[in-house]
Amino acid sequence: PDSALLAKDWERRERSPGPSAARSRPFVYFCTSRLPIPKLEHTLKRYLAAQEPLLDDKQYRNTKRIAKEFEKGAGKRLHRELVELDEKNTHTSYISDPWFNMYLSAREPVVLNFNPFISLTPDPREAYNNQLVRATNLIISSIKFLNSLQNNYLRPDIYYGNPKWSESRLFKNFIRLLPTSVSWYGAYMVNAYPLDMSQYKRLFRSSRIPKLNKDELFTSECSRHLLVMRNGHFYVFDVLDSVDNILHPSEIVAHLIYIIQEADHLPEFALSYLTTEDRNIWATVRQQLLEAGNEENLKKIDSAIFCLCLDNIFPKDEDELSQCLLHGNGFNRWFDKSFSLIITGDGHAGINFEHSWGDGVAVLRFVNEVYRNSTRHPALLPHSRSSETTVITCERLKFKLNDSIQSAIQVAHEKFDERKKKMSMKRFQFRKFGKDYIVKQRMSPDAIFQLACQITFYRQFGKVVPSYEACSTAAFKHGRTETIRPTSMLTKQCSQAIVEERGKRSVVELRNMIDECSKYHRRLQMEAALGNGFDRHLFALKHLAVSRGEPMPDFFLDTAYQKINHNIISTSTLQSPAVNLGGFGPVVSDGFGIGYHVSDNWLGCNATSYLDEELQEFLRCLEYSLNDIFDILEGRPLM
Ligand SMILES: *[C@@H]1O[C@H](CO)[C@@H](O)[C@H](O)[C@H]1NC(C)=O
Ligand SMILES: *[C@@H]1O[C@H](CO)[C@@H](O)[C@H](O)[C@H]1NC(C)=O
Ligand SMILES: CC(=O)N[C@H]1CO[C@H](CO)[C@@H](O)[C@@H]1O
């Protein structure tokens with residue numbers, strides 16, 4: 001892709017090339033579009049539109065009144081202050097600080113509650129899916145990515161929703177012909193737009209550090225070592241030399257073989273369970289660890305380039321693989337690392353990442369590149385020998401644990417086992433149609449999947465509930481995410497029509513309803529991606545009030561406000577040939593976490609919940625809802 005086409009709206013700055021990358025010219029683009037703060041009036045209008053389907057008439061009138069008062073009073077003032085603050089801080093976005101704060105102040109364990117996983121597609125050539133071969137190739141491609149990042153050779157992140165179309169000449173001409181002022185929107189319309197890359201500075205050599213009440217993010221400047229976990233033991237070895245050359249593949253594999261042989265049994269107390277703890281508890285125990293003389297070792301973990309988990313697990317099906325990547329059995333993970341690359345015994349690969357520093361889009365870009373590079377230019381061939389002359393410079397980290405630390409580990413272990421047992425994870429696939437079919441019907445694939453979830457919940461529970469779809473705002477400088485609210489009056493009416501009034505409505509009528517839902521969803525999606533949702537704006541206003549120590553405005557105390565933020569259906573989607581989908585835990589104890597994917601000819605999801613029976617029923621109903629939608633789109637009356 002010719003990124004220069006999109007460069008007009010960007011400042012371009014060149015730096016002196018680094019030592020290992022003198023070939024091509026460096027790309028450093030800075031995103032100049034700033035995340036807009038919507039008008040308060042618009043935010044409240046959108047908020048009320050999202051509240052309407054969730055409330056009865058009386059509640060809705062009340063919430064409307066509260067919103068009106070907020071608009072004229074406390075809200076007006078907070079909004080003005082937020083705008084002033086934003087004008088003084090043009091280097092960032094208004095959401096960046098409050099969002100970091102939200103993640104880092106959360107005291108729940110990061111695992112299950114925050115860390116998502118992404119599962120990589122197997123290497124197309126079977127022999128490369130061997131644990132050692134795949135680990136070595138992915139390490140090397142990851143380090144190459146790090147080197148490009150460091151030397152500013154990484155092309156600006158451009159999100160290609162549709163690679164075929166956006167790489168075509170037609171597309172390039174289309175963008176070229178647009179006036180500069182709208183070319184960015186033009187690119188957005190076809191899903192090929194440059195992304196803010198500021199999150200990448202915390203992708204490598206980074207870790208979240210537990211602290212009382214609010215954690216911190218740590219990034220090392222120049223570490224050269226990798227952290228490898230095997231059977232609950234920690235190993236470090238340098239993968240880069242002093243001029244940033246990567247260790248030879250045969251040497252890397254020799255180190256991994258050494259580690260696998262050495263770590264042949266589980267430790268009595270696996271330290272990593274502590275990273276599954278409540279953050280305040282973990283912060284306290286970490287302090288004890290430091291005092292007990294483990295500072296050097298902890299520093300090695302925190303500053304490692306990333307964490308490789310060489311699992312001794314052979315998942316027997318896809319659900320077990322998802323579980324392994326989402327939480328594993330706890331002892332072979334360091335959930336605080338910015339990301340961990342997990343390789344199972346049978347060569348499946350995936351990423352589990354800590355969420356405070358960055359979002360799915362940034363991790364997906366990394367995964368895409370590393371997948372492509374490791375499959376197209378594998379550094380290590382299957383059956384190649386490890387170098388017998390390699391000097392193993394691997395260090396096993398040994399920790400000093402006294403009684404109180406040991407019992408803290410024991411408690412963490414039991415709590416973690418308890419919690420992961422309560423969560424169930426199920427996959428779902430529907431093969432009657434996918435993206436191609438929906439697009440031919442001139443509808444939005446994402447909207448159809450979301451509508452299906454709405455109909456499903458209505459079918460199962462006879463009501464509509466707050467729902468969440470994550471949308472990246474990485475098109476803006478220091479953008480993070482915005483929420484799309486898939487529940488609307490339109491989806492509610494459509495769900496009622498399909499579930500309760502099946503016989504009474506004509507197929508044409510139902511089809512029109514679906515079409516209206518699709519159009520509305522597309523609009524919400526576009527607004528959210530352009531920073532015009534309502535969730536982040538309200539969140540920032542609330543954060544401002546709290547940080548000033550002001551009394552909480554009535555608006556945020558409204559039970560309807562609290563309810564809409566208790567997201568029963570939490571969804572997120574990632575589309576890429578390099579990934580086999582991802583997943584995450586439910587965000588509330590009585591909800592579902594749905595990582596979904598609308599592929600060309602099928603659609604599916606990996607869903608999680610603490611309510612096992614309800615989850616199974618949900619997926620049964622989802623199948624039913626999708627069949628209904630299919631019948632309607634095919635022009636068949638519902639039975
Ligand atoms: C273990 O070490 C920590 C830190 O030095 C200390 O606070 C704690 O009291 C010790 N516990 C025991 C049982 O010795
Ligand atoms: C992928 O690997 C090849 C061969 O090692 C290398 O030449 C190329 O630059 C790599 N690409 C990226 C994006 O790192
Ligand atoms: C780990 C993983 O991605 N598991 C599954 C999630 O769901 C999709 C769709 O059913 C499967 O293809 C994945 O294998």
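Counting starts at 1 for both ligands and their atoms, in listed order.
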Results of side chain to side chain donor-acceptor pair (under 3.5 Å) for Thr344 - residues two or more places apart only: Asp346

Parallel, tilted or perpendicular: rings of His355 and Tyr103 (30°, 60°): parallel

Chi angles and distances behind the ring pair (Phe, Tyr, Trp, His ring centres under 6.0 Å) call for His537, Phe539: CA-CA 5 Å; His537 185 197; Phe539 182 85; over 10 Å; no

Whether Phe339 and Phe366 hold their rings parallel, tilted or perpendicular, with breakpoints at 30° and 60°: tilted

Please tabulate, one line per pair, the protein N or O atoms found under 3.5 Å from any N or O atom of ligand 1, giving the distance to one decimal.
from	atom 1	to	atom 2	distance (Å)
ligand 1	2 (O)	Asn402	ND2	2.3
ligand 1	11 (N)	Asn402	ND2	3.0
ligand 1	11 (N)	Ser404	OG	2.8
ligand 1	14 (O)	Asn402	ND2	3.4

Residue pairs passing the salt bridge (Lys or Arg N to Asp or Glu O under 4.0 Å) test where at least one lies in residues 252-271, sequence neighbours excluded: Glu262-Arg396

With sequence neighbours excluded, residues passing salt bridge (charged side-chain N to carboxylate O under 4.0 Å, His left out) with Asp311: Arg333

